[in-house]
Peer 1: 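Provided herewith is a single structure, encoded as C-alpha cells, for subsequent inquiry.
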Amino acid sequence: MIVLAIETTCDETAAAVIDDELRVLSSVVASQAGLHEIYNGVVPEIAARAHVERILPVIDETLTKANVSLNDLDAIAVANTPGLSGSLLVGVAAAKALCLASSKPLIAVNHLHAHVFACQFASDIPIYPCVGLVVSGGHTHLYHYQSSIEYRFLGGTIDDAAGEAFDKVASMLGLPYPGGPSISKAAMAGDPQAHAFPRSFLKEDKISFSFSGLKTAVRYAITGPGKFEIEPEKLSGQAVADLAASFQQAVVDCLVVKSVQAVKQTCSQNQRRLCVGGGVAANRVLRDQLAVECEKHQIELTFAKMEHCTDNAVMGAIAIERLKAGLVEDMDLDILPGLIRNPV
Ligand code: KG4
Ligand code: ZN
C-alpha cells in the first residue's frame, strides 16, 4: 500500500509518500517560520494564505521525488484535527480535490496521534500499547494508546502548551522565534538552578500541566516584581542564559514527572512504554532527563527521530492503520480545530 499524506495544521506545508512497511518514499516540508518570525508567533491568516500558495507545488514535488503518480496511490490522507481553521481547510480541500479527481479513498489523520505514531519510525518493535506524550507548540497532553486508533485521554495542560511557553519566554528574552531551539541554545551557558521557578501539579497524582504561571514568573524575574514593561536588551548574556536554563528545567521537570506518573498509573508492570512526539520532543534536556527517569522506573522509552518531532507529513503514515481498519471518510469530512479528547 502507498499513501500520500498531507499536513497543514499550523505553519508547515508538508506532504509525504509512505508505504505500509513504513518506508518513506519522499517527504517535503515547506516551513513558514520566516514569515512569522517578526511576529514572534504564528499569525493564522498569514499561515492559511501561505498554505494556499504552497500546497500544490509541495504535493507535486512529493509525488515527483517518490516517483509515483496519483494513480499509484492506495489512499490520500490529510490531518483534519486539531489545528488552525484556515490552515486545516487548505489541506482538507486539497486532499478532497485529489481524491475526487483520482477516485482514491480519503483518510482523516488526527495530528496529535500522528505525532505519537512518528515514534514507530524510531522503533523496530510495535510501539503500542503505550502512553504517548504529545508536546508541541499547541498541545501538551498524555494519552493511553491500546493501538493507533484506540486511545484514552489521560490529562494535559489547563492553559498554555509547553512549546507555546518556550516561544513566549524566548520573545521576553529577546531570542528569535521559534523559541524552543533558541532557548535550548541560550540555556547551554546558563545555570538551571539560578531561578526557583514554579512547577505546577508536581506533587499531585493528577495528570495535568500548567505553564502560564511559569511564564509570569519569568516575566517578573526579568522586570522585577510589580513592573510589566520588558526590556530584554538590558539583560546581560549571562542573565539571559540563566533565565533560559531555569525556565527550560522547570518545563522539563513537569513533563518528566507527569509522564512517568501517567505510565505507572496506567500500564501494567511488564508493559511500561512511553512514546514522545511533537516539536518540544526535540529538546535535548528533556530527552536526556526522561531517559534517566525511564530507566529508573523500568519504562521502555521511544522518542520520535529529531526530523519527525516538528510538524511533518511522514507521521501521517498513521493513516495506513486507519485504511487497514476500513476507516475511510466521505467528502463531507470537515475540519475540527479543537481538541477531541477521546475517539468519536
Ligand atoms: O509540533 P510542532 O512543529 O507544531 C505544533 O504542532 O505545535 O511544534 C512546534 C513547537 C514550537 O513551540 C517550538 O518552539 C517547539 O516546538 N520546539 C522546541 C524545540 N524545537 C522546537 N521546544 C523546546 N526545545 C526544542 N529543541
Ligand atoms: Zn504538531
Side-chain angles (χ1 to χ4, degrees), residues 12 29 111-128 130-143 145 154-157 160-167 169-170 175 178-193 197 199 202 207 209 211 214 241 243-264 267 272-312 314-315:
E12 327 279 1
V29 181
H111 179 78
L112 301 185
H113 308 320
H115 267 308
V116 172
F117 185 84
C119 294
Q120 190 61 73
F121 289 89
S123 173
D124 293 333
I125 52 167
I127 60 166
Y128 303 104
C130 68
V131 165
L133 170 66
V134 186
V135 61
S136 69
H139 300 277
T140 303
H141 301 304
L142 281 152
Y143 289 89
Y145 291 92
L154 299 176
T157 181
D160 294 345
E164 188 183 351
F166 268 94
D167 294 336
V169 167
L175 298 170
S182 52
I183 289 212
S184 297
K185 199 166 156 218
M188 284 160 81
D191 174 6
Q193 319 288 336
F197 288 137
R199 286 141 167 85
L202 215 61
I207 304 299
F209 301 99
F211 298 110
L214 170 60
L243 286 160
S246 302
F247 160 78
Q248 175 175 256
Q249 191 57 56
V251 174
V252 167
D253 285 350
C254 295
L255 295 174
V256 169
V257 167
K258 290 296 152 189
S259 300
V260 169
Q261 264 180 1
V263 174
K264 289 172 85 174
C267 300
R272 287 182 173 178
R273 179 180 294 279
L274 176 66
C275 291
V276 190
V280 183
N283 187 275
R284 182 44 60 197
V285 177
L286 174 65
R287 292 175 97 95
D288 292 347
Q289 200 165 312
L290 210 40
V292 171
E293 286 306 307
C294 284
E295 187 164 1
K296 208 187 288 175
H297 296 276
Q298 283 128 36
I299 298 169
E300 289 284 332
L301 173 65
T302 308
F303 270 96
K305 290 180 183 172
M306 287 301 244
E307 70 265 31
H308 297 153
C309 285
T310 46
D311 290 347
N312 64 87
V314 170
M315 64 195 199

Peer 1: Taking ring-ring contact (aromatic ring centres under 6.0 Å, His included) as the definition, give me every residue that meets it alongside F166, ordered by chain and number, with sequence neighbours left out.
Peer 2: F247
Peer 1: Just wondering, are more than 12 heavy atoms of other shown residues or ligands nearer than 6.0 Å to CE in M306?
Peer 2: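 Atom CE in M306 is crowded, with more than 12 foreign heavy atoms closer than 6.0 Å.
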Peer 1: Can you label the angle between the F117 ring and the F121 ring as parallel, tilted or perpendicular, going by 30° and 60°?
Peer 2: perpendicular
Peer 1: Ignoring hydrogens and angles, tell me if any N or O in the side chain of T140 forms a donor-acceptor pair with the backbone of A162 under 3.5 Å.
Peer 2: yes
Peer 1: Which residues pass the salt bridge (charged side-chain N to carboxylate O under 4.0 Å, His left out) test with D288, sequence neighbours left out?
Peer 2: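 D288: salt bridge (charged side-chain N to carboxylate O under 4.0 Å, His left out) contacts with R284.
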Peer 1: Side chain of S246, backbone of D191: donor and acceptor closer than 3.5 Å?
Peer 2: yes
Peer 1: My understanding is that only residues two or more places apart in sequence, or in another chain, count here; which of them pass side chain to side chain contact (heavy atoms under 4.5 Å, CB included) with A262?
Peer 2: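 With sequence neighbours excluded, A262 shows a side chain to side chain contact (heavy atoms under 4.5 Å, CB included) to V131, L142, L154, I207, given in chain and number order.
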Peer 1: Going by the rule ring-ring contact (aromatic ring centres under 6.0 Å, His included), which residues pair with Y143 if we only count those two or more places apart in sequence or in a different chain?
Peer 2: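 For Y143, the residues satisfying ring-ring contact (aromatic ring centres under 6.0 Å, His included) (neighbours in sequence not counted) are H113, Y145, Y151, F153.
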Peer 1: When you check the side-chain N and O atoms of Q261 and K264, is any donor under 3.5 Å from an acceptor?
Peer 2: no
Peer 1: Enter the distance from L286:CG to C254:SG here, rounded to the nearest 0.5 Å.
Peer 2: 11.5 Å
Peer 1: Please name all residues satisfying side chain to side chain contact (heavy atoms under 4.5 Å, CB included) with V285, sequence neighbours left out, ordered by chain then number.
Peer 2: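 In terms of side chain to side chain contact (heavy atoms under 4.5 Å, CB included), with neighbours along the sequence ignored, V285 is linked to Q248, Q249, V252, N283, Q289.
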Peer 1: Going by side chain to side chain contact (heavy atoms under 4.5 Å, CB included), name the residues that satisfy it together with D167, two or more places apart in sequence or in a different chain.
Peer 2: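 Scan of D167 (side chain to side chain contact (heavy atoms under 4.5 Å, CB included), adjacent residues dropped) gives Y177, P178.
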Peer 1: Not counting sequence neighbours, which residues clear salt bridge (charged side-chain N to carboxylate O under 4.0 Å, His left out) with R199? List them please.
Peer 2: D253
Peer 1: Look only at the side chain of E295 and the backbone of L290, and say whether a donor-acceptor pair between them is shorter than 3.5 Å.
Peer 2: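 Here the side-chain-to-backbone pair does not exist.
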Peer 1: S136 and A161: which non-hydrogen atoms are nearest, and at how many Å?
Peer 2: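 It is O-CB, 3.6 Å.
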Peer 1: Counting distance only, does the side-chain N/O of S259 pair as donor-acceptor with the main-chain N or O of L255 below 3.5 Å?
Peer 2: yes
Peer 1: If every non-hydrogen atom of C119 is compared with every non-hydrogen atom of A304, which pair is closest and at what distance?
Peer 2: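 In terms of heavy atoms, the two residues are closest at SG-N, 3.5 Å.
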Peer 1: Please identify each residue that fulfils side-chain hydrogen bond (donor to acceptor under 3.5 Å, both in side chains) with H308, with sequence neighbours left out.
Peer 2: none
Peer 1: So, for T310 and H115, which heavy atoms are closest and what is the spacing to 0.1 Å?
Peer 2: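 The pair with the smallest heavy-atom distance is C-CE1, 4.4 Å.
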Peer 1: With sequence neighbours excluded, what pairs up with A244 under the side chain to side chain contact (heavy atoms under 4.5 Å, CB included) test?
Peer 2: L173, I183, A186, A187
Peer 1: Does any pair with a residue in residues 180-189 pass salt bridge (Lys or Arg N to Asp or Glu O under 4.0 Å), and if so which ones, sequence neighbours excluded?
Peer 2: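 Salt bridge (Lys or Arg N to Asp or Glu O under 4.0 Å) check on residues 180-189 returns no pairs.
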Peer 1: Which pair of heavy atoms, one from L175 and one from S182, lies closest together, and at what distance?
Peer 2: CB-OG, 3.8 Å
Peer 1: Would you list the atom pairs, donor with acceptor, under 3.5 Å between side chains in residues 272-281 and any protein atom, with sequence neighbours excluded?
Peer 2:
unit_1, atom_1, unit_2, atom_2, d
R272, NH1, H297, O, 2.8
R272, NH2, Q269, OE1, 3.3

Peer 1: Do any pairs count as a salt bridge (Lys or Arg N to Asp or Glu O under 4.0 Å) and have a residue in residues 296-306, sequence neighbours left out, and if so which ones?
Peer 2: E293-K296
Peer 1: Any chance you could measure L112, atom CG, to M315, atom CE, to the nearest 0.5 Å?
Peer 2: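 Those atoms lie 8.5 Å apart.
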Peer 1: Could you give me the CA-CA distance, side-chain angles and deciding distance for D311 and V29, then say whether side-chain contact (heavy atoms from CB on, under 4.5 Å) is met?
Peer 2: CA-CA 8 Å; D311 290 347; V29 181; over 6 Å; no
Peer 1: If I take atom NE2 from residue H141 and atom NZ from residue K258, how far apart are they, to the nearest 0.5 angstrom?
Peer 2: 15.5 Å
